[in-house]
Protein chains: 2
Amino acid sequence: MEETKSVTDGRHLRSLHTRHKLLEAAKEVFPEEGFHKATISQIIKRAKTGYGTAYVHFTGKDDLLIVLMEDVMTAFYSIAELPFTPASRAEAEELILYQTTAFLRMAESERKMLQVFGEAIGVSASASQKWAEIRERFINRIAQDIAYSQQNGLARTGLDPELVARGWFYSHEMYLWEIVRGEHQAQLDEIAKTLAAIYTGGLYS
Amino acid sequence: MEETKSVTDGRHLRSLHTRHKLLEAAKEVFPEEGFHKATISQIIKRAKTGYGTAYVHFTGKDDLLIVLMEDVMTAFYSIAELPFTPASRAEAEELILYQTTAFLRMAESERKMLQVFGEAIGVSASASQKWAEIRERFINRIAQDIAYSQQNGLARTGLDPELVARGWFYSHEMYLWEIVRGEHQAQLDEIAKTLAAIYTGGLYS
DNA sequence: CAAAATATTGACACTATGTCAACTTTTCTG
DNA sequence: CAGAAAAGTTGACATAGTGTCAATATTTTG
């Protein structure tokens with residue numbers, strides 16, 4: 001019903017087009033200027049729409065960015081949701097190293113946009129919340145993986161999987177921000193190796 | 001020379017007093033309003049000075065906050081600089097657990113101010129830089145401790161002490177921000193135990 | 001005490017935000 | 001298909017905060 005309306009209704013179509021123009025403009029302006037320096041005026045100018053239009057389609061600058069982050073989030077989730085059912089300690093270690101590497105590589109490939117998002121997290125409550133979503137999804141998944149390993153006699157028991165998962169994710173997240181800032185490009189695999197070594201050495205000793 | 005002038009010169013004294021009033025006002029306003037919502041107008045109003053005065057004594061809102069952070073930094077440094085020369089693995093583990101606990105406890109005791117600082121880090125380049133200073137000091141110190149343990153046959157070799165130290169500190173830092181946000185109050189010791197267990201289990205297995 | 005040095009002040013120019021009444025475009029209806 | 005209704009667009013405006021600077025006030029000096 002809504003589908004039909006969306007396709008036929010020329011008004012809605014126009015609206016969608018305007019929205020799209022704004023998003024495209026924002027996608028350019030944000031990385032160029034950074035979150036704080038970017039202004040609605042810059043964005044509407046590039047999108048060739050009126051000032052108020054931006055506020056019709058989005059609640060503000062944060063909202064515009066949040067929508068742009070969806071793409072990045074999708075990529076993140078695909079890593080978080082990788083299957084983890086190792087049969088041996090060696091296989092567990094391999095999977096963990098792979099996941100760690102994938103995570104850090106993503107920091108590199110999505111650098112520009114993550115840089116903007118990192119800046120926004122400090123300022124905008126909604127950006128901060130969006131990032132918290134990504135984080136919790138990762139942590140939940142890691143906690144599951146740890147619990148699985150504990151139940152199958154691969155990992156040391158007696159530690160709360162969620163607390164371990166948090167600490168584990170946090171060290172990754174902070175490395176992510178460093179990579180985004182442009183530090184450590186060359187060492188990426190070395191970092192992954194180190195993080196995985198500490199983690200597995202600790203849990204699987 | 002400057003000392004003498006400072007004490008005798010009534011103009012300088014007045015200036016110092018004004019500066020002090022501004023800092024006291026900022027110390028109240030920042031935690032009440034948060035970094036973003038706090039304005040220069042609110043601060044000068046409470047300090048009972050003119051608007052421009054704030055800009056005579058400080059370059060802006062960030063600068064005012066940075067100065068307030070010095071106290072907190074001092075406390076942090078005292079933890080970072082604790083001596084670490086364990087003779088056995090058991091002693092190393094004990095020291096590490098102590099340091100971890102002290103670090104997290106500080107997050108609790110300095111909560112309000114750290115909350116403001118956490119917010120400022122995202123917005124203000126100078127706040128971000130100040131925090132980076134604290135962080136690097138910690139990381140350097142931890143890296144030294146790890147190298148010490150490696151050299152004395154207490155810790156596994158073959159891993160870069162600095163990379164390990166970073167991952168280690170990062171998980172602590174992120175837990176710090178969580179504690180500052182008011183999550184995990186009760187679990188504080190449990191968190192310290194978990195972090196220390198992973199770290200020592202990993203390095204000292 | 002007058003002049004010099006220093007400190008304080010608020011009005012001003014500037015920049016950005018978010019709102020809303022007027023306007024344009026598209027669809028519906030008799 | 002005319003004109004009413006609905007949906008979308010627009011920029012002027014009110015508001016709020018920043019940082020600057022010429023004028024003013026206070027203190028020291030000769």
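Proteins get letters first, then strands, A, B, ... in listed order; numbering begins at 1 in each. Side-chain atoms are counted along with the backbone in the values below, which use heavy atoms only and exclude waters and symmetry mates.
At a threshold of 4.0 Å, the pair B:Glu81-B:Arg141 does not count as salt-bridged, since none of the basic side-chain nitrogens sits closer than that to a carboxylate oxygen. Between B:Lys27 and B:Glu32 no salt bridge is recorded (no basic side-chain N to carboxylate O distance below 4.0 Å). In summary, B:Asp160 and B:Arg166 do not engage in a salt bridge, as defined by a charged side-chain N under 4.0 Å from a carboxylate O. Between A:Lys193 and A:Asp189 no salt bridge is recorded (no basic side-chain N to carboxylate O distance below 4.0 Å).
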For this session: If a protein heavy atom is under 4.0 Å from the base, mark B; if only from the sugar-phosphate, S; if neither, -; do that for nucleotides 13-24 of chain C going 5' to 3'.
Result: ---SBBB-----
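If you measure from atom CG of B:Leu64 to atom P of D:dT18, you get 11 Å, rounded to the nearest angstrom. The interatomic distance linking B:Leu16 (CG) with C:dT6 (P) rounds to 15 Å, in whole Å. The CG-P distance, from B:Asp9 to C:dA7, rounds to 7 Å in whole Å. In this structure, B:His12 atom NE2 and C:dT8 atom P are separated by 10 Å, rounded to whole Å. The separation between B:Phe58 atom CZ and C:dA7 atom C1' is 14 Å, rounded to whole Å. Atom P of nucleotide D:dT27 and atom CZ of B:Arg11 are separated by 10 Å, given to the nearest angstrom. Atom pair A:Ile44:CD1 and D:dG8:P shows a separation of 20 Å (rounding to whole Å applied). Rounded to an integer number of Å, the gap from B:Lys48 NZ to C:dT9 P is 13 Å.
In the helix from C:dC1-D:dG30 to C:dG30-D:dC1, the end axes, each obtained as the rotation axis mapping the C1' atoms of four pairs onto the next four within a five-pair block, lie 20° apart to the nearest 10 degrees.
Taking the ring centre of A:Phe76 as origin, the terminal cationic atom of A:Arg137 falls outside the region bounded by 6.0 Å and 45° from the ring axis.
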For this session: Would you check, one step at a time, whether the test ring-ring contact (aromatic ring centres under 6.0 Å, His included) holds for A:Phe169 with A:Phe138?
Result: CA-CA 7 Å; A:Phe169 181 76; A:Phe138 260 96; 5.3 Å; yes
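Note: B:His184 and B:Tyr175 have perpendicular aromatic rings, judged against thresholds of 30 and 60 degrees for the angle between ring planes.
An OP1 or OP2 oxygen of D:dT9 is reached within less than 4.0 angstrom by a side-chain nitrogen or oxygen of A:His57.
With hydrogens and angles left out, the side-chain atoms of A:Glu136 and A:Trp131 include no donor and acceptor closer than 3.5 Å. Under the 3.5 Å distance criterion, with hydrogens and angles disregarded, a donor-acceptor pair is assigned to the side chains of A:His172 and A:Thr100.
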